[in-house]
Amino acid sequence: AIKALESISSLIEEGMYTDALELLRECEKKFPNDINIALNKSGLFIDLGHYLSDADTVERGIAAGELCLKNDGFKKYRGMLLYNVANGIQFRIRKHFNNNGAYFGAEEDVRQCVEMLKESIAITGNPSAMVNLGNLYDETGRPLEAIIEYENATTKDASFGMAHGNNALAIKKLSHI
């Protein structure tokens with residue numbers, strides 16, 4: 001199963017997303033009880049669904065992650081799982097906005113995503129989760145909170161270019177006030 005996960009990662013790095021998704025589906029069938037597959041498939045399905053703009057694949061990843069979050073055997077991976085599931089929910093939120101031109105109707109997803117990212121940050125201190133939370137705040141009209149998260153990320157990792165860039169854009173939005 002580990003070799004298969006490495007192959008999936010290599011396919012993703014090469015931009016061969018459809019092949020990676022097919023291999024992931026095969027692994028899910030071939031290794032139904034493998035802990036490594038169960039743990040990693042959430043993030044992989046979400047990432048592949050994002051790359052392929054495939055909402056069903058993202059939802060499959062969210063469901064896989066939520067299942068792991070309910071299993072005490074994955075407790076030590078909770079921070080990572082929360083991060084992965086939140087990324088999937090953030091994809092869902094953006095899709096809702098793109099389809100409707102507003103976040104009305106996605107309030108529960110926004111609330112859940114914020115809670116998951118905050119808990120993930122509390123557990124792991126992951127600067128990527130801080131940037132994702134900042135992005136969610138910024139996208140939903142909360143630029144001050146976004147700036148705080150971007151600054152938290154750059155405090156944690158001063159070389160995190162995306163956090164610096166997103167922070168500058170959020171500050172620029174506020175400069176018109």
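Computed from a predicted structure; not experimentally measured. FYI, side chains are in, hydrogens and waters are out, and symmetry mates aren't considered; it's all heavy atoms of this structure.
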Exercise. Is there side-chain contact between I12 and D47, with at least one heavy-atom pair below 4.5 Å?
Worked result: no
Exercise. Relative to the ring of F91, is the ring of H50 parallel (under 30°), tilted (30 to 60°) or perpendicular (over 60°)?
Worked result: perpendicular
Exercise. Atom CD1 of I35 and atom CG of N33: how far apart are they, to the nearest 0.5 Å?
Worked result: 11.0 Å
Problem set entry | Nearest-0.5 Å distance that lies between atom CG in L44 and atom CG in L5 | 6.5 Å
Seminar exercise, completed: Closest heavy-atom pair, A163 versus Y150, reported as atoms and distance to 0.1 Å, is O-CB, 3.7 Å
Problem set entry | K172 to H176 - nearest heavy-atom pair and separation | O-CD2, 3.5 Å
Exercise. For the side chain of E107 and the backbone of G105, is there at least one donor-acceptor N/O pair under 3.5 Å apart?
Worked result: yes
Problem set entry | Interatomic distance, N71 atom CG to R78 atom CZ [nearest 0.5 angstrom] | 11.5 Å
Exercise. When clusters are formed by joining ILVMFWY residues with side-chain heavy atoms under 4.5 Å apart, either directly or through shared neighbours, do L69 and M80 land in the same one?
Worked result: yes
For this session: Kindly indicate, with the supporting measurements, whether the criterion side-chain contact (heavy atoms from CB on, under 4.5 Å) is fulfilled by Q90 and I46.
Result: CA-CA 10 Å; Q90 202 161 8; I46 290 166; over 6 Å; no
Problem set entry | Hphob cluster co-occupancy, L133 + M162, side-chain heavy atoms under 4.5 angstrom | no
Exercise. Hey, are the side chains of H96 and D109 touching, using non-hydrogen atoms and a 4.5 Å cut-off?
Worked result: no
Exercise. Is F31 reachable from I2 through a run of hydrophobic residues whose side-chain heavy atoms are each under 4.5 Å from the next?
Worked result: no
For this session: Heavy atoms only: give me the nearest G79-T124 pair and the separation to one decimal.
Result: CA-CG2, 3.7 Å
Problem set entry | Heavy atoms of other groups near F74 CZ, more than 12 under 6.0 Å | yes
Problem set entry | Flag, side chain of N100 to backbone of A102, donor-acceptor distance under 3.5 Å | no
Problem set entry | Lys/Arg-Asp/Glu bridge criterion (N-O < 4.0 Å) met for R60, E28 | yes
Exercise. Between L81 and L48, is there a shared hydrophobic cluster once you connect ILVMFWY residues whose side-chain heavy atoms come closer than 4.5 Å?
Worked result: no
For this session: Output the distance between atom CG (L24) and atom OH (Y17), rounded to the nearest 0.5 Å.
Result: 15.0 Å
Exercise. Any donor-acceptor pair under 3.5 Å linking the side chain of S120 with the backbone of M116?
Worked result: no
For this session: Compare every heavy atom of A1 with every heavy atom of I37, then report the nearest pair and how far apart it is.
Result: CG1-CB, 3.9 Å
Exercise. Can you find a pair of side-chain heavy atoms, one from Y83 and one from N132, that are under 4.5 Å apart?
Worked result: yes
Exercise. Is a donor on one side and an acceptor on the other found under 3.5 Å between the side chain of N40 and the backbone of N36?
Worked result: yes
Exercise. If you measure from CD on E14 to OG on S9, what distance do you get to the nearest 0.5 Å?
Worked result: 11.0 Å
Exercise. Closest heavy-atom contact between A153 and F160?
Worked result: CB-CD1, 4.4 Å
Exercise. Can you name the nearest heavy-atom pair linking A4 to L23, along with the distance?
Worked result: O-CD2, 4.0 Å
Exercise. Taking C-beta and beyond as the side chain, do V85 and E66 meet within less than 4.5 Å on heavy atoms?
Worked result: yes
Exercise. Taking C-beta and beyond as the side chain, do I171 and N167 meet within less than 4.5 Å on heavy atoms?
Worked result: yes
Exercise. Going hydrophobic residue to hydrophobic residue with side-chain gaps under 4.5 angstrom, can you get from L117 over to L82?
Worked result: yes
For this session: Check for a donor-acceptor pair, side chain of S42 on one end and backbone N or O of I62 on the other, with a separation under 3.5 Å.
Result: no
For this session: Kindly indicate whether the side chain of K29, heavy atoms from C-beta on, has any atom under 4.5 Å from the side chain of R25.
Result: no
Exercise. Taking the side chain as C-beta and beyond, is there a heavy-atom pair between I148 and E151 under 4.5 Å?
Worked result: no
Exercise. Are any of the side-chain heavy atoms of K173 and I147 separated by less than 4.5 Å?
Worked result: no
Seminar exercise, completed: d(E149 CD, L136 CG) to nearest 0.5 Å is 10.0 Å
